Amino acid sequence: MSTIRQVQITFDCAEPERVARFWCEVLGYVGPPPEGFAGWDEYNASLPPERRGAWAAAKDPSGAGPRLYFQRVPEGKVVKNRLHLDVRAGTGLVGAERLAALQAEQTRLVALGAVHVRTLFADEENESCIVMQDVEGNEFCLD
């Protein structure tokens, strides 16, 4: 039997702190400063200028979800993600009730800076889901 390991999901981005704040709001995560520092400003002030704001992290306060890590990279996003997050906003719901829950979450996230890409409506095989982008254009789904 293999050992179960925890995972961390890493985002390459231009503005780690901004993207981390967005995902904290989406998921109810927290973004505490590194250990030994009262806040992110204090931590960043301790670094050389070129390293300030180079990373941020978000974690599930309950400890159940994976840690999210955001790292600054020099290149911009050029193509569609090969991996994306599904934000489970409609779990257990079907039909019109599910679509209404997803659309309510879409409205909340657009106010935070997300972009609605398209809505995939229920068909004979699948329930509705909504494709969105975060504040730096990373795709995710409301599922």
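These numbers were taken from a predicted model, which means no experiment stands behind them.
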Return yes when atom [atom1] of [X] has more than 12 non-hydrogen atoms of other residues, nucleotides or ligands closer than 6.0 Å, and no otherwise.
| X | atom1 | result |
| --- | --- | --- |
| R108 | CZ | yes |
| Q6 | CD | no |
| E42 | CD | yes |
| N81 | CG | yes |
| K77 | NZ | yes |

Applying ring-ring contact (aromatic ring centres under 6.0 Å, His included) between F11 and each of F140, Y69, W55, W23, report the one that passes.
W23
Okay, side chain of E127, backbone of G95: is any donor-acceptor separation there less than 3.5 Å?
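Yes, E127 side chain to G95 backbone: donor-acceptor pair under 3.5 Å.
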Donor-acceptor pair, distance only, cut-off 3.5 Å: does the side chain of S62 make one with the backbone of A64?
yes
Determine the minimum heavy-atom distance between [X] and [Y], stating which atoms define it.
| X | Y | answer |
| --- | --- | --- |
| G28 | P61 | O-CD, 3.5 Å |
| A56 | A20 | CB-CB, 3.7 Å |
| R98 | T91 | NH1-N, 4.3 Å |
| A14 | E136 | N-OE1, 2.8 Å |
| A45 | R52 | O-NH2, 3.7 Å |
| G31 | W40 | O-NE1, 2.9 Å |

Polar side chain donor-acceptor pair, Q71 to D12, under 3.5 angstrom:
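Judged by distance alone, the side chains do pair up.
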Would you call [X] and [Y] a side-chain contact if the rule is heavy atoms closer than 4.5 Å?
| X | Y | answer |
| --- | --- | --- |
| K80 | E139 | yes |
| L85 | I9 | yes |
| C141 | H84 | yes |
| L102 | D143 | no |
| K59 | V30 | yes |

When you group the ILVMFWY residues by side-chain heavy-atom contacts below 4.5 Å and let the links chain together, are [Y] and [X] in the same group?
| X | Y | answer |
| --- | --- | --- |
| L27 | L109 | yes |
| V135 | L112 | yes |
| V94 | L99 | no |

Under the criterion side chain to side chain contact (heavy atoms under 4.5 Å, CB included), which of L142, I130, V110 is the partner of E105?
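With E105 as partner, side chain to side chain contact (heavy atoms under 4.5 Å, CB included) holds for just one option, L142.
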Take V26 and D134 through the test side-chain contact (heavy atoms from CB on, under 4.5 Å) and record every step on the way to the result.
CA-CA 10 Å; V26 171; D134 74 8; over 6 Å; no
Walk me through whether R72 and E50 qualify under salt bridge (Lys or Arg N to Asp or Glu O under 4.0 Å).
CA-CA 11 Å; R72 186 172 55 216; E50 68 276 4; over 6 Å; no
Would you sort out whether V131 and T119 count as a side-chain contact (heavy atoms from CB on, under 4.5 Å), showing the intermediate values?
CA-CA 6 Å; V131 180; T119 300; over 6 Å; no
